[in-house]
Visitor: 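The following block contains the structure, expressed as structure tokens.
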Amino acid sequence: MEPTRGYPLFGGAFSATLPTGAIDVSDLRPVPDNQEVFCHRLTDQSLIVELLELQAHVQGEAAARYHFEDVGGVQDARTVQVEAVQPLLLENLALRGYCEEAWVLSGKQQVAKENQQVAKNITLHQALLRLPRYQTDLLLTFNQPPSSLGSENQSLPPWSLGDFELLVTSLTLHDPNIFGPQ
């Protein structure tokens, strides 16, 4: 099975390459209009693409940390730990003509799922693509719960960081009108 290339996002305003076995969560439950959410067919892994308001008050590495901590707050994370933040080379991005700054962050958050008392340590990888021309921060998140690791015997292997990198680098803008009148 091959990854899905050119998968339309946000009504076709964007497209990206999704990893093999990605299920569009909007087919299962409501998803906010500013998000595209995909889950792995067999693991608890998920991928989220979010269009967010540009947080102009934070720059550089601090912007990546800001969004990571914000996600932790939304999820009521008990702990939020950044492990690494690195700049992304713009020339590797399909969005390079629109993106002025890009960062990748890896970290852990301790989160309890709905109606559960026990919190699990979840590894998150995030890519922040900053589009100031459109007053937008594009945040891509790869959630890797511990249950998604070590399942080599499955007919569909867990997603890898390479799958996430392909999603990030292949993300392409087709219709800038998604950002409203400029």
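All residue numbers in this chain count up from 1 along the given sequence.
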Visitor: Report yes or no: do Leu173 and Leu171 belong to one cluster of Ile/Leu/Val/Met/Phe/Trp/Tyr joined by side chain heavy-atom distances under 4.5 Å?
Guide: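 They do share one cluster, since a chain of ILVMFWY contacts under 4.5 Å joins Leu173 to Leu171.
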
Visitor: Are Leu128 and Val104 in one and the same hydrophobic cluster, where Ile, Leu, Val, Met, Phe, Trp and Tyr link if side-chain heavy atoms are under 4.5 Å apart?
Guide: no

Visitor: Evaluate whether atom CG of Asp33 has more than 12 neighbouring non-hydrogen atoms of other residues, nucleotides or ligands under 6.0 angstrom away.
Guide: no

Visitor: Is there a path of hydrophobic side-chain contacts, each under 4.5 Å between heavy atoms, that joins Leu9 and Tyr98?
Guide: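 Same cluster: Leu9 reaches Tyr98 through Ile, Leu, Val, Met, Phe, Trp or Tyr contacts under 4.5 Å.
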
Visitor: Classify the side-chain pair Asn92/Thr169 by whether it contains a donor and acceptor separated by less than 3.5 Å.
Guide: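 The answer is no; no qualifying pair exists.
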
Visitor: Identify every side-chain donor-acceptor pair in residues 49-56 under 3.5 Å, counting partners at least two apart or on other chains, and give the distances.
Guide:
from, atom 1, to, atom 2, distance (Å)
Glu50, OE1, Gln35, NE2, 3.0
Gln55, OE1, Tyr66, OH, 3.4
Gln55, NE2, Glu53, O, 3.2

Visitor: Salt bridge or not for Arg65 and Glu69, using N-O below 4.0 Å?
Guide: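 Looking at Glu69 together with Arg65, the answer is no, because their closest N to O distance does not fall below 4.0 Å.
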
Visitor: How many angstroms lie between atom SG of Cys99 and atom CG of Leu88, to the nearest 0.5 angstrom?
Guide: 8.0 Å

Visitor: Check Arg41 against Ala22 and note the closest heavy-atom contact, atom names and distance.
Guide: NH2-O, 4.5 Å

Visitor: Would you name the heavy atoms of Trp159 and Cys39 that are closest together and state the gap between them?
Guide: CH2-C, 3.4 Å

Visitor: Please check this pair: side chain of Thr17 against backbone of Ser170, looking for a donor-acceptor N/O pair closer than 3.5 Å.
Guide: no

Visitor: Can you tell which of Thr172, Asn177, Ile178 makes a side-chain contact (heavy atoms from CB on, under 4.5 Å) with His174?
Guide: Thr172

Visitor: Indicate the atoms forming the closest heavy-atom contact of Thr20 with Pro3, along with that distance.
Guide: OG1-N, 3.4 Å

Visitor: Quick one: pull up CG in Leu47 and CD in Glu36 and give me the separation to the nearest 0.5 Å.
Guide: 11.5 Å

Visitor: Mind checking the NE2-CG spacing from His67 to Leu140? Nearest 0.5 Å is all I need.
Guide: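 Going from NE2 on His67 over to CG on Leu140, the span is 11.5 Å.
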
Visitor: Check the surroundings of atom CD in Glu165: do more than 12 heavy atoms from other residues, nucleotides or ligands lie under 6.0 Å from it?
Guide: no

Visitor: For the hydrophobic clusters of this structure (ILVMFWY residues joined by side-chain heavy atoms under 4.5 Å, transitively), does one cluster hold both Phe14 and Tyr7?
Guide: yes

Visitor: Looking at every heavy atom in both Ala63 and Val58, which two are closest together, and how far apart are they?
Guide: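 Minimum heavy-atom contact is CA-CG2, 3.7 Å.
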
Visitor: Kindly compute the distance separating CD (Gln110) from NZ (Lys120), expressed to the nearest 0.5 Å.
Guide: 12.0 Å

Visitor: Which atom pair, heavy atoms only, marks the closest approach of Lys108 to Thr123?
Guide: NZ-OG1, 2.9 Å

Visitor: I'd like to know whether Arg133 forms a side-chain contact (heavy atoms from CB on, under 4.5 Å) with Phe179, so could you lay out the CA-CA distance, the side-chain angles of the two residues, the decisive distance to 0.1 Å, and finally the verdict.
Guide: CA-CA 10 Å; Arg133 177 188 332 174; Phe179 302 114; over 6 Å; no

Visitor: With a 3.5 Å distance limit and no angle check, can you tell me whether Gln144 reaches the backbone of His125 through a side-chain donor-acceptor pair?
Guide: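 Checking the backbone N and O of His125 against the side chain of Gln144, no donor-acceptor pair under 3.5 Å is found.
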
Visitor: Give the minimum heavy-atom separation between Glu91 and Arg96, together with the two atoms involved.
Guide: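 Nearest pair, atom of Glu91 first, then Arg96: O-NH1, 3.5 Å.
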
Visitor: Nearest 0.5 Å, please: how far is CZ in Phe38 from CG in Asn143?
Guide: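 Asn143 CG to Phe38 CZ: 13.5 Å, rounded to 0.5 Å.
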
Visitor: Measuring from atom OG of Ser160 to atom CG of Leu166, what distance do you get when rounded to the nearest 0.5 angstrom?
Guide: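 If we round to the nearest 0.5 Å, Ser160:OG and Leu166:CG are 9.5 Å apart.
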
Visitor: Apply the test side-chain contact (heavy atoms from CB on, under 4.5 Å) to residues Leu161 and Phe142: give CA-CA distance (whole Å), side-chain angles for both, the deciding distance (0.1 Å), then the verdict.
Guide: CA-CA 8 Å; Leu161 272 177; Phe142 175 28; 4.3 Å; yes

Visitor: Treating Ile, Leu, Val, Met, Phe, Trp and Tyr as nodes and any side-chain heavy-atom pair under 4.5 angstrom as an edge, say whether Ile48 and Val31 lie in one connected cluster.
Guide: yes

Visitor: Quick one: are Leu139 and Gln126 in side-chain contact, heavy atoms under 4.5 Å?
Guide: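 Heavy-atom side-chain distance check passes, below 4.5 Å.
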
